[in-house]
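Working notes for the structure below.
When a residue number appears, it is its place in the shown sequence, counting from 1. Counting convention: from 1, in listed order, for ligands and their atoms alike.
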Amino acid sequence: MDKFLIRGGKALRGTVAISGAKNSALPAMAAALLTAEKVAVHNIPKVRDLITMGKLLTFMDAKVTVTEMPASDYVIEAPALNHAEAPYELVKTMRASILTLGPLMARLGVARVSLPGGCAIGARPVDLHLSALEKMGAEIAMSHGYIEAKVPGNGAKGGRLKGAHIVFEKITVTGTENILMAATLADGETVLENCAREPEVTDLIVMLRKMGAEIAGDGTATLRIRGVRELHGTEHSVIPDRIETGTFLVAGAITGGDLTITNCQPEHQAAVIAKLQQTGASIITVDQTTLRVRGGGKLVAADMTTEEYPGFATDMQAQYMALATQVEGTSLITETIFENRFMHASEMIRMGANISVEGRRAVVHGPAVLSGSTVQASDLRASAGLVLAGLVASGETVIDRVYHIDRGYEGIVEKLRAAGADIERVHGTVL
Ligand code: UD1
């Protein structure tokens, strides 16, 4: 297993270009299942989750064409989907495989998708996806660890989903995306209430509309979808990754550096920018796609609570915790989205951080002198938090299990090195 080796203490300087958003690219690729025509998706980040999504679509008999591997441009054609199944082997490595359920049900009226199973950051059920599909006429059974869904009424093939009025009990990002995609081809109108308003949901709406979908309510909690007979091919470029952007904003602030972050979308960063400015970091919007962060001055504690968009993203919580270990004063970090998302705290404590965790709250006393240690990445964003801690720790930090970070950060080692960080990937051997 690969590891990262970081020798901390270098201020990051220079320019870093942000890749496409993993969480936009995943639903965009799944959306290609909604049509028999050719769909080209651009600005795909070169990360493992997208390779997994490509494999998943191929498994279903979609033709997935790339000119290099990993690729940032994908062409997907799904004239016939002979295998409406997401197998456990792929789903277990990527929970977002569930995003194929909505498109398969819309297009074929039948699907078999493995249950995602345990997840490091909490139970993460998919009950809201399933109850919404049931409201749209699907019959759902669990068998051998798989979700078996079918719309009755067309023999062995499935029937057509029906429009419905659905109020999500809880705000769910992939749940909103799944049901949105399902509704595009349903009979009649679907109204979705209490929807996620994340920019990735809006990006999916933009793409679906280009495919001929009739959707109103972008960026609000209520979406109205009028089902159409069929969707057609399109070309779409996904939005920049706001979590990668936020991670580099923290990297600039925590190392006392001066980083220019290009190819990003500053308006998606409002909550992170406001919070970092509260700690004393200097962040300016250079232009519509560029931000500049400067650390160096005194940073002070600021409490932070994760929230759904437009609030502070849970996917930035571990990175913010790394920063909180370095500021003057006590920061209270409250995680409201996932019940078990502080696994990085114990690793940061091993590096010398002063953090106490109680339930969904973490209290971080700073500044702490971090010392390089061997730590384990437990999930994608926790790994990013540990990398940031390693950048300011004295001596050498070894981060184990970096396959987590490879799921979602394109070329993080190369990007950090280009900005002056002393970080390298060490290819591990299994004994
Ligand atoms: C998505 C993001 C992930 C991010 C998360 C929250 C993708 C591919 N992943 O994950 O990076 O951390 O949003 O911003 O876009 N819930 C239920 N029942 C359900 C669905 C969700 O109880 O059927 C709960 C979850 O356990 C969690 C909360 O709702 O507590 C939010 O989860 P959700 O928004 O669904 O997260 P994902 O879509 O899986």
Side-chain angles (χ1 to χ4, degrees), residues 20-31 44-45 47-50 52-53 56 91 93-102 113 115-135 140 142 147 149 166-182 192 194-204 221 238-239 241-244 246-247 268 271-272 305-320 334-344 360 378-385 404-405 407-409:
K22 170 182 87 72
N23 287 354
S24 255
L26 289 166
M29 287 193 37
I44 300 268
V47 299
R48 198 161 53 87
D49 270 9
L50 273 306
T52 306
M53 184 55 95
L56 190 54
V91 177
T93 64
M94 186 185 66
R95 231 190 142 268
S97 307
I98 191 73
L99 281 167
T100 56
L101 179 62
V113 175
L115 276 165
C119 171
I121 60 173
R124 295 184 88 176
V126 289
D127 56 315
L128 302 175
H129 303 227
L130 303 186
S131 58
L133 286 173
E134 278 175 339
K135 272 203 138 181
I140 295 176
M142 299 296 163
I147 301 160
I166 292 153
V167 183
F168 288 108
E169 244 171 69
K170 231 177 162 178
I171 297 177
T172 159
V173 177
T174 50
T176 301
E177 291 165 348
N178 234 343
I179 304 310
L180 174 63
M181 290 190 278
L192 303 179
N194 201 27
C195 292
R197 294 181 287 156
E198 266 64 5
E200 294 76 23
V201 175
T202 305
D203 195 30
L204 176 63
V238 303
I239 57 172
D241 198 306
R242 67 195 163 95
I243 307 302
E244 189 194 14
T247 303
H268 294 161
V272 169
T305 300
T306 61
E307 283 167 6
E308 291 90 359
Y309 191 83
F312 193 103
T314 173
D315 284 351
M316 278 298 299
Q317 181 255 104
Q319 301 88 318
Y320 187 75
T334 309
E335 171 58 61
T336 69
I337 309 294
F338 292 111
E339 77 268 25
N340 186 20
R341 207 176 193 180
F342 282 135
M343 250 112 77
H344 41 278
R360 288 173 178 249
S378 55
D379 69 60
L380 170 58
R381 305 305 171 184
S383 336
H404 287 294
I405 208 161
R407 280 190 39 220
Y409 283 88

(message) Can you confirm whether more than 12 heavy atoms, excluding those of Glu169, are under 6.0 Å from its CD atom?
(response) no
(request) Please identify which atoms of ligand 1 are closer than 4.0 Å to at least one heavy atom of Thr174. (result) 7 (C), 8 (C), 15 (O), 37 (P), 38 (O), 39 (O)
(request) Decide whether an N or O pair under 3.5 Å exists between Glu198 and ligand 1. (result) no
(request) Ignoring angles and geometry beyond distance, decide whether Glu339 reaches within less than 3.5 Å of ligand 1 through its nitrogen or oxygen atoms. (result) no
(request) Kindly indicate whether the side chain of Thr202, heavy atoms from C-beta on, has any atom under 4.5 Å from the side chain of His268. (result) no
(message) Do the side chains of Glu244 and Lys22 get close enough for a salt bridge, i.e. N-O under 4.0 angstrom?
(response) no
(message) At less than 4.0 angstrom from any non-hydrogen atom of Arg95, what atoms of ligand 1 do you find?
(response) 39 (O)
(message) Can you name the atoms of ligand 1, numbered from 1 with element, that are less than 4.0 Å from a heavy atom of His129?
(response) 23 (O)
(message) Does the residue Ile171 have a heavy-atom contact with ligand 1, meaning some pair of atoms that are separated by less than 4.0 Å?
(response) yes
(message) If you apply the rule salt bridge (Lys or Arg N to Asp or Glu O under 4.0 Å), what do you find for Asp49 with Arg95, and how did you get there?
(response) CA-CA 9 Å; Asp49 270 9; Arg95 231 190 142 268; over 6 Å; no
(message) Heavy atom to atom 20 (C) of ligand 1, shortest distance: which of Pro125, Ser97, Gly175 holds it?
(response) Pro125
(request) Kindly give the heavy-atom pair with the smallest separation between Ser97 and Leu56, and that separation in Å. (result) CB-CD2, 3.6 Å
(message) When you compare the side chain of Ile98 with that of Val91, does any pair of heavy atoms fall below 4.5 Å?
(response) no
(request) With atom 35 (O) of ligand 1 as the reference point, say which of Leu130, Asn340, Thr306, Thr172 has the nearest heavy atom. (result) Thr172
(message) Is any side-chain heavy atom of Gln317 closer than 4.5 Å to one of His344?
(response) yes
(request) Over all heavy atoms of both residues, which pair between Leu99 and Ala30 is shortest? Give the atoms and the distance, please. (result) O-CB, 3.5 Å
(message) Is it the case that ligand 1 has an N or O less than 3.5 angstrom from some N or O of Leu26?
(response) no
(request) Please indicate whether any nitrogen or oxygen in Leu99 is less than 3.5 Å from any nitrogen or oxygen in ligand 1. (result) no
(message) Are Gln319 and Ile243 packed together at the side-chain level, in the sense that at least one heavy-atom pair is separated by less than 4.5 angstrom?
(response) yes
(request) Keeping the roles fixed (side chain from Thr306, backbone from Thr336), state whether a donor-acceptor pair exists under 3.5 Å. (result) yes
(message) So is Glu177 touching ligand 1 or not, going by heavy atoms under 4.0 Å?
(response) no
(message) Please evaluate residues Tyr409 and Arg381 with respect to the criterion side-chain hydrogen bond (donor to acceptor under 3.5 Å, both in side chains), reporting the C-alpha separation (whole Å), side-chain torsions for both, the decisive distance (0.1 Å), and the verdict.
(response) CA-CA 9 Å; Tyr409 283 88; Arg381 305 305 171 184; 3.3 Å; yes
(message) At less than 4.0 angstrom from any non-hydrogen atom of Val126, what atoms of ligand 1 do you find?
(response) 19 (C), 23 (O)
(request) Could you list which atoms of ligand 1 come closer than 4.0 Å to a heavy atom of Thr314? (result) 6 (C), 12 (O), 14 (O)
(message) For the 3.5 Å polar cut-off, considering only N or O atoms, please tell me whether Ala96 and ligand 1 meet it.
(response) no
(message) Regarding ligand 1, does Asp315 bring an N or O atom to under 3.5 Å of one of the ligand's N or O atoms?
(response) yes
(request) Using a strict cut-off of 4.0 Å, indicate which atoms of ligand 1 neighbour a heavy atom of Arg341. (result) 12 (O)
(message) Check for me whether Glu200 has a heavy atom closer than 4.0 Å to any atom of ligand 1.
(response) no
